[in-house]
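Below: the structure, in structure tokens.
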Amino acid sequence: MAEEVWVGTWRPHRPRGPIMALYSSPGPKYLIPPTTGFVRHTPTKLRAPAYSFRGAPMLLAENCSPGPRYSVNPKILRTGKDLGPAYSILGRSRTKTTTTPGPGDYFPEKSSKHVFDSAPSHSISARTKTFRVDSTPGPAAYMLPVVMGPHTVGKASQPSFSIKGRSKLGSFSDDLHKTPGPAAYRQTDVQVTKPKAPQYTMAARAEPPGDKTLKPGPGAHSPEKVTVTKPCAPVVTFGIKHSDYMTPLVVDME
């Protein structure tokens with residue numbers, strides 16, 4: 001057993017618990033409230049008063065009059081404008097037009113019967129719509145009253161009798177006891193009262209006992225990768241430059 005080497009006053013050994021050097025993330029150090037600033041200050045430390053600077057005030061030119069920086073038109077006096085007559089050329093005003101008939105829409109030759117005397121003229125028109133919707137019944141819609149039977153109209157009728165069907169109540173076929181008939185009973189199985197013959201059933205094919213687990217085939221093995229019984233070339237792996245347990249160098253810039 002090799003002798004353990006001492007480094008200074010301590011001997012290197014594996015840590016008993018996880019240390020911060022084993023974690024690549026910052027860890028819980030950001031969960032501690034800060035001791036500087038005003039926002040999210042730690043409640044265990046005294047916090048000094050904080051002051052903020054207010055922004056510049058709003059410009060007065062945005063909500064005030066422009067002032068005397070604009071020159072006044074010299075042609076405007078205290079009594080009004082001192083100008084001569086001025087004229088401007090405008091566009092043609094838009095007039096409201098109505099749709100009126102033109103000269104070609106009139107037919108004076110057809111107005112002779114309204115101006116001069118003319119003989120009466122008649123025209124043959126199509127059938128009016130009132131006859132098409134006329135709902136009066138036709139000759140075939142009326143039925144003459146019957147002359148036979150008890151429903152005659154305007155004539156004396158002899159007494160008539162009707163033959164009614166046989167009543168099931170009180171007849172010879174009326175079942176007073178409501179007893180079941182022979183067809184209401186089921187036939188009793190013979191094997192209930194007599195010796196029962198042997199019965200056989202056909203079961204499924206029985207499988208021989210054995211191991212049903214899936215096993216790898218010949219193609220699942222790679223004998224060319226075996227290095228236990230055959231010589232193997234040296235294999236080199238790349239590690240890290242420094243130990244996870246080494247403390248990083250911190251230089252105070254004061």
Side-chain angles (χ1 to χ4, degrees), residues 1-83 86 88-94 96 204 207 209-254:
M1 183 174 181
E3 184 179 359
E4 297 180 353
V5 181
W6 287 75
V7 180
T9 58
W10 62 281
R11 181 176 54 186
H13 63 280
R14 291 185 175 275
R16 298 180 181 178
I19 61 178
M20 295 299 298
L22 296 177
Y23 298 98
S24 58
S25 62
K29 65 179 182 179
Y30 290 102
L31 300 178
I32 302 175
T35 57
T36 59
F38 186 82
V39 181
R40 297 182 181 178
H41 193 276
T42 175
T44 58
K45 301 293 182 179
L46 182 62
R47 183 175 61 182
Y51 303 95
S52 60
F53 292 92
R54 189 176 182 183
M58 187 180 299
L59 298 178
L60 299 178
E62 294 183 359
N63 53 3
C64 298
S65 60
R69 59 181 178 177
Y70 294 101
S71 59
V72 182
N73 192 356
K75 296 182 180 180
I76 298 178
L77 304 178
R78 61 183 181 84
T79 57
K81 292 183 179 181
D82 186 14
L83 296 175
S88 61
I89 301 175
L90 298 178
R92 178 175 296 180
S93 60
R94 185 175 297 179
K96 185 177 181 182
E207 296 182 1
D211 189 7
K212 297 182 180 180
T213 57
L214 298 178
K215 300 174 179 60
H221 301 278
S222 301
E224 67 277 0
K225 298 181 181 180
V226 177
T227 58
V228 178
T229 58
K230 295 181 180 181
C232 179
V235 180
V236 183
T237 59
F238 295 91
I240 58 178
K241 293 182 178 181
H242 58 82
S243 175
D244 291 340
Y245 306 99
M246 182 182 297
T247 305
L249 180 61
V250 179
V251 180
D252 295 333
M253 302 298 293
E254 295 181 356

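Considering CZ of Arg47 and OG1 of Thr35, their distance stands at 12.5 Å, rounded to 0.5 Å.
Applying the 6.0 Å contact sphere to NZ of Lys215 captures more than 12 heavy atoms from other residues, nucleotides or ligands. Residue Glu207 places its CD atom among 12 or fewer non-hydrogen atoms of other residues, nucleotides or ligands, all under 6.0 Å distant.
Nearest approach of Phe38 to Ala50, heavy atoms of both residues: CD1-CB, 3.5 Å. Residues Gly37 and His41 come closest through the heavy atom pair O-CD2, 3.2 Å.
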